[in-house]
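Note that the structure is predicted; figures quoted are calculated from it, not measured. Residue numbering restarts at 1 for every chain, and letters A, B, ... go by the order of the sequence lines.
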Amino acid sequence: MTRPASRTTRTSPVPSETAEPTLRDQAPRRHQSRDWPSHWRRPPLIADARLRWALIIAVACYLVLGIGSLEVNWARVADGWERGLRFLGGFLQPDFQSRWGDIEQGLMESLTMTLTATVVGVLISVPIGIGAARNLAPMPVYLLCRGIIAVSRSLQEIIVAILFVAMVGFGPLAGFLTLAFATIGFLSKLLAEDIEEIDAAQAEAVRATGASWLQVLNYAVQPQVMPRLIGLSLYRLDINFRESAVIGIVGAGGVGATLNTAIDRYEYDSAAAVLLLIIAIVMLTEYSSSWVRRQVQ
Amino acid sequence: MPPTVSPTTAGSLRLVGLTKRYRTGDQALSDVTLEVPPGQVLGLIGPSGAGKSTLIRCINRLVEPSAGRVFLDETEITALHAGGLRRARRRMGMIFQEYALVERLTVMENVLSGRLGYVSFWRSLFRRFPPRDIENAFRLLERVGLTEHADKRADALSGGQRQRVGIARALAQEPELLLVDEPTASLDPKTSRQIMRLIREVCAERGLAAIVNIHDVALAQQFMMRIVGLRAGRVVYDGPPEGLTPAVLTEIYGEEDWGPLKPAQTDEEADDAAGIPDDQDIARAL
């Protein structure tokens, strides 16, 4: 065989003529060769082409009709634009001073609410999460705990806050109860799922030593789920802080109440100060929690 | 070797008509009757799905047998309830495929977890084990050659080292019997032999009986005193390792060329076993 460099000088039919018999000689033929297609496409998700196109066209029509049905009041948009600009202006000159007393009180209230609600929520979530893990709990306990989780998760924080404000009055107590309640649904569910995914062999090995149920929990389950439990608790801590700003609007205390008051009074510079502080605190918890999660892996 | 053992000797195991049918309908074990005298190291071989793991797990009831009885000395394990079963489990150390160590716990905690059946929940929660247990755990770590690794996390060790921790954990129970499930499944051939030798040695030192599930026939022949072959949940061979002829292996596993696996055979047998399937291979190739 000559090198391709020398071949390029020859006429094109020559290499193909010499190449064919060489190939045939090199490859021992075990099977009769067939003509295989050289074109291949991934099979479509919906096999029936008519159904597929009908669905695509239907979705496109719905989108066009949906956009068409939006009624935009351009005069109102122009109005709001001006207000929006003032809001942005406030952001450029946030005023931390004139309402600092209110802001500080709101922030402290929010932080207290957040921390206490997270701690209490986590403490309640752990047994419920264990009860909601199919591989640890008997059926009746499992169903009960899953029921508690479903109730807690199906109610949005604001609705729960309104309920608790009605029950215990305005202020941070209602906020604390709301956040603790929401934490239970979130954390128990994720903890239960994590427990269900543990390596069963480790639990089996501990059980085989004659360990009791609690000892299996402590020696085989806890070490496997602890890093994630810590990570989720810290994550919930910053969710709770953000939520505390929202539920304050319906009267459950905290920095949300301060924010709401500032916006009601058109004091966008103070509102901006509150928002900036919320962002700063959320970022701080975010960074510190990711650092802690790395440490406990 | 026929077990001739008086029922009072410590660590003799007796299975009578052991049967397991899973809820899915799979018949894992059918009427297995077996007696293991103290100090005997028994290898359980058979194809995947023959019921080897199920058999071992029925003995300490990690899997609940559907029928049949298990006796450890006088104790009928299959008749025990929660507390009694936990006490009986202390007498049977278990060693696992893939080690089954608690990866995020230290080596020492893993070894001490062998004592869980003996200490209260509160002691174990705060890792306050009796001084004697701790001393013994260090002695075991020395025995398996891991003294300096006591404070490392289990997942920081190599495969062979982890299995040594697994052995130390089982021995920490001060068992009368070892249940060993594929101890070398994820180890290289050299480490596998070291681990098997270690298991043989500790059994000899303590007069322990052992049932060892094993995939590798050569390894079973090298280290086991007695071989039991399972096929589809039934005992199809029970005898010395030398008795594993190609015919017996075919009985256990099905038709295959057993040529390179046989250690103690005449040359003629080896030629026969190697020759016939070769012809078949050629025929298939044509």
Side-chain angles (χ1 to χ4, degrees), chain A residues 27-33 123 126-127 129-130 133-142 191 194-234 292-297, chain B residues 53 56-57 59-63 80 82-106 109-127 153-155 165-166 169-175 178-179 181 285-286:
Chain A
R29 296 217 162 173
R30 294 188 131 200
H31 307 284
Q32 203 62 41
S33 182
L123 289 179
V126 169
I130 292 167
R134 193 64 205 95
N135 51 350
L136 287 182
M139 202 40 142
V141 177
Y142 170 78
L191 178 64
D194 207 33
I195 291 175
E196 283 172 355
E197 278 163 24
I198 62 165
D199 175 13
Q202 297 180 29
E204 192 182 40
V206 173
R207 197 175 301 118
T209 66
S212 66
W213 186 84
L214 280 176
Q215 287 173 325
V216 172
L217 201 64
N218 179 227
Y219 273 75
V221 180
Q222 189 189 326
Q224 292 191 61
V225 302
M226 207 57 190
R228 194 159 149 78
L229 178 61
I230 292 171
L232 286 172
S233 304
L234 290 171
V292 172
R293 265 176 287 174
R294 270 200 306 278
Q295 298 303 306
V296 296
Q297 261 313 309
Chain B
S53 281
I56 277 207
R57 282 169 171 73
I59 294 171
N60 62 3
R61 281 173 62 195
L62 288 176
V63 168
L80 297 172
L85 177 60
R86 283 206 303 275
R87 278 189 294 281
R89 279 177 179 163
R90 305 189 304 204
R91 300 165 60 193
M92 300 179 278
M94 197 159 176
I95 296 168
F96 293 82
Q97 183 180 2
E98 313 277 356
Y99 335 120
L101 300 181
V102 183
E103 308 241 309
R104 284 206 183 87
L105 293 184
T106 60
E109 278 167 307
N110 271 291
V111 177
L112 284 171
S113 69
R115 301 303 297 169
L116 287 176
Y118 295 90
V119 302
S120 72
F121 172 67
W122 295 107
R123 283 201 102 140
S124 68
L125 177 65
F126 296 109
R127 309 306 196 246
R153 248 165 61 155
D155 56 6
V165 178
R169 171 174 65 188
L171 294 178
Q173 289 175 233
E174 293 172 3
L178 285 183
L179 303 172
D181 189 16
L286 293 172

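Only the side chain of Arg57(B) comes within contact range of chain A, with at least one heavy atom under 4.5 Å from a heavy atom of that chain. At a 4.5 Å heavy-atom cutoff, the contact between Leu62(B) and chain A is made by side-chain atoms alone. With a 4.5 Å cut-off on non-hydrogen atoms, Arg91(B) does not touch chain A at all. Contact annotation for Glu98(B): neither backbone nor side-chain heavy atoms come within less than 4.5 Å of a heavy atom of chain A. Residue Arg123(B): no heavy atom, backbone or side chain, is found under 4.5 Å from chain A. For Phe121(B), the parts sitting under 4.5 Å from any heavy atom of chain A are the backbone and the side chain alike.
Note that CG of Leu116(B) is 10.0 Å distant from CZ of Arg169(B), once rounded to the nearest 0.5 Å.
Within residues 227-234 of chain A, the residues having any heavy atom less than 4.5 Å from a heavy atom of chain B are, in residue-number order, Pro227(A).
Checking Asp199(A) against Gln202(A) by side-chain atom types alone, a donor-acceptor pair falls below 3.5 Å.
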*Kindly indicate, with the supporting measurements, whether the criterion side chain to side chain contact (heavy atoms under 4.5 Å, CB included) is fulfilled by Glu197(A) and Val225(A).*
CA-CA 9 Å; Glu197(A) 278 163 24; Val225(A) 302; over 6 Å; no
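Taking 4.0 Å as the cut-off between side-chain N and carboxylate O, Glu109(B) and Arg127(B) count as a salt-bridged pair.
Contact count versus chain A (heavy atoms, under 4.5 Å) is highest, among Gly117(B), Pro175(B), Gly166(B), for Gly117(B). Residue with the most contacts toward chain A among Leu105(B), Asn60(B), Leu179(B): Leu105(B) (heavy-atom pairs, distance under 4.5 Å).
Here the closest heavy-atom approach between residue Ala133(A) and residue Ile195(A) is recorded as CB-CG2, 3.5 Å.
Residues Asp181(B) and Ile95(B) are not in side-chain contact: their nearest non-hydrogen atoms beyond the backbone lie 4.5 Å or more apart.
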